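Reviewing the structure listed below.
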Protein chains: 2
Amino acid sequence: MSTQQHIKPTESELEILNVLWQQGSATVREVHEKLALKKEVGYTTTLKLMQIMLNKGLVSREVSGKTHVYTAEVDKEKTQGQIMQRMIETMFNGSAMQMVMQALGNHKATKAELDMIRDYLDKKSKK
Amino acid sequence: MSTQQHIKPTESELEILNVLWQQGSATVREVHEKLALKKEVGYTTTLKLMQIMLNKGLVSREVSGKTHVYTAEVDKEKTQGQIMQRMIETMFNGSAMQMVMQALGNHKATKAELDMIRDYLDKKSKK
DNA sequence: GTTTGTGTACGAATATATTCGTAGATGAGT
DNA sequence: ACTCATCTACGAATATATTCGTACACAAAC
């Protein structure tokens, strides 16, 4: 897994990374089919994007028969963390709390979700 | 304040909106000087961006002498909420909780922050 | 009334991201 | 060995975002 300093995938790239993070690894077709569920997109578009991502080092691939199997080369938590961090800095004045409250306020979180967050906070506070 | 369905400011536009949200309203120069603290950017670049935003309805302006005074036309909470929502959907599989935990885990939240979030959750749960 | 500083308008260059067509490789089925 | 489906490579078109130069307006200072 690579150790890049600033990971800044574009929106399309992020969608692809998400598929890869979920599935562990996948062919272009598998990724494409996942994406196609959500939006209209051509197969070669997905292919091209993944080739670009390979170039940037966001993914790696290995040959399997005539197809390539891709794997994310950037860590899910780290990448998400960086994106959230940028978000917190630019939109919420550096305060994670503000962001959390915004997210929970706007979003209809279920009671179970809220409880889980509370548990998480308790554990975190005890440390 | 406008009632747009999908507010999707670009990154640069968001930076400008942030200044306007903080200051209530501001001239191009005022905005520009704020931005210039953080990054190299030409005055006319900021001007142009704000004109584009005017066109999109993201901001309004009124004449004051020879300058224009700009005001955000999109609501801060609503805009932030929409952006967070998109984020939650694409990166966190629709779960606000996952996002919150990511944010709190990565970010070093202070004890006071955690307590405030807990209070917030308590109030929210009681309803 | 000319100079200077500060403002707006806006076209156009550049940068970045996305889309897709077309060409050619390869393997499976016949 | 031919055909078909499916794959990769990649140039190029398009879309979107950003940057800035240049032109011109205006008012204050001289």
Side-chain angles (χ1 to χ4, degrees), chain A residues 4 6-20 25-71 74 79 83 86 90-91, chain B residues 4 6-20 23 25-71 74 79 83 86-87 90-91:
Chain A
Q4 302 181 38
H6 295 298
I7 309 164
K8 207 179 181 189
T10 67
E11 214 170 309
S12 302
E13 288 170 349
L14 198 51
E15 288 173 346
I16 290 171
L17 282 176
N18 270 317
V19 176
L20 294 179
S25 61
T27 62
V28 174
R29 180 144 310 271
E30 286 164 349
V31 170
H32 175 248
E33 259 150 28
K34 273 275 184 181
L35 298 185
L37 293 176
K38 296 228 164 191
K39 64 169 183 178
E40 185 80 12
V41 63
Y43 173 80
T44 57
T45 301
T46 305
L47 169 65
K48 177 69 166 186
L49 276 172
M50 291 176 76
Q51 286 169 346
I52 290 170
M53 291 169 77
L54 177 66
N55 250 281
K56 294 190 186 174
L58 293 173
V59 299
S60 62
R61 71 185 183 192
E62 83 186 0
V63 182
S64 158
K66 86 171 158 166
T67 87
H68 291 159
V69 177
Y70 286 78
T71 308
V74 289
T79 304
I83 293 171
R86 268 192 289 271
T90 66
M91 290 202 348
Chain B
Q4 303 181 39
H6 295 297
I7 308 164
K8 208 180 181 187
T10 67
E11 215 171 310
S12 302
E13 289 170 350
L14 198 52
E15 288 173 346
I16 290 171
L17 283 176
N18 270 318
V19 176
L20 294 178
Q23 321 235 333
S25 61
T27 62
V28 174
R29 180 142 313 269
E30 287 164 348
V31 170
H32 174 249
E33 259 150 27
K34 273 275 184 181
L35 298 186
L37 293 176
K38 295 228 165 192
K39 65 168 181 177
E40 186 80 12
V41 63
Y43 173 80
T44 57
T45 301
T46 305
L47 170 66
K48 177 68 164 186
L49 275 171
M50 290 177 76
Q51 287 168 346
I52 289 169
M53 290 168 78
L54 178 67
N55 249 283
K56 293 191 188 175
L58 293 173
V59 299
S60 63
R61 73 186 183 191
E62 86 186 355
V63 181
S64 159
K66 85 173 158 167
T67 88
H68 292 157
V69 177
Y70 287 78
T71 309
V74 290
T79 305
I83 294 171
R86 266 192 291 272
M87 201 107 189
T90 65
M91 289 202 348

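The structure displayed is predicted, hence computed values, not measured ones. Every chain is numbered from 1, with letters handed out A, B, ... down the list of sequences.
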Below the 4.0 Å mark, does [N] have OP1 or OP2 next to a side-chain nitrogen or oxygen of [X]?
X	N	answer
Thr45(A)	dC20(C)	yes
Ser12(B)	dT18(D)	yes
Thr67(A)	dT8(D)	no
Thr10(B)	dT18(D)	yes
Arg61(B)	dA9(C)	yes

How many whole angstroms separate atom [atom1] of [X] from atom [atom2] of [N]?
X	N	atom1	atom2	result
Leu54(A)	dT8(D)	CG	C1'	12 Å
Lys48(A)	dG21(C)	NZ	C1'	12 Å
Tyr43(B)	dG7(C)	OH	P	5 Å
Leu35(A)	dC20(C)	CG	P	13 Å
His32(B)	dT6(C)	NE2	P	13 Å
Ile52(B)	dT8(C)	CD1	P	15 Å
Met50(A)	dC20(C)	CE	P	17 Å
Leu58(A)	dA17(C)	CG	P	11 Å

Practice task
Report the residue from Met53(A), Glu30(A), Gln51(A) that forms a side-chain contact (heavy atoms from CB on, under 4.5 Å) with Tyr70(A).
Solution key: Gln51(A)
Practice task
Considering only NZ, NE, NH1 and NH2 on the basic side and carboxylate oxygens on the acidic side, decide whether Glu11(B) and Lys8(A) come within less than 4.0 Å.
Solution key: yes
Handout entry: Nearest to side-chain heavy atoms of Arg29(B), which nucleotide of dA9(D), dT6(C), dA5(D)
Key = dT6(C)
Handout entry: Check: Thr45(B) main-chain N/O paired with His32(B) side-chain donor or acceptor under 3.5 Å
Key = no
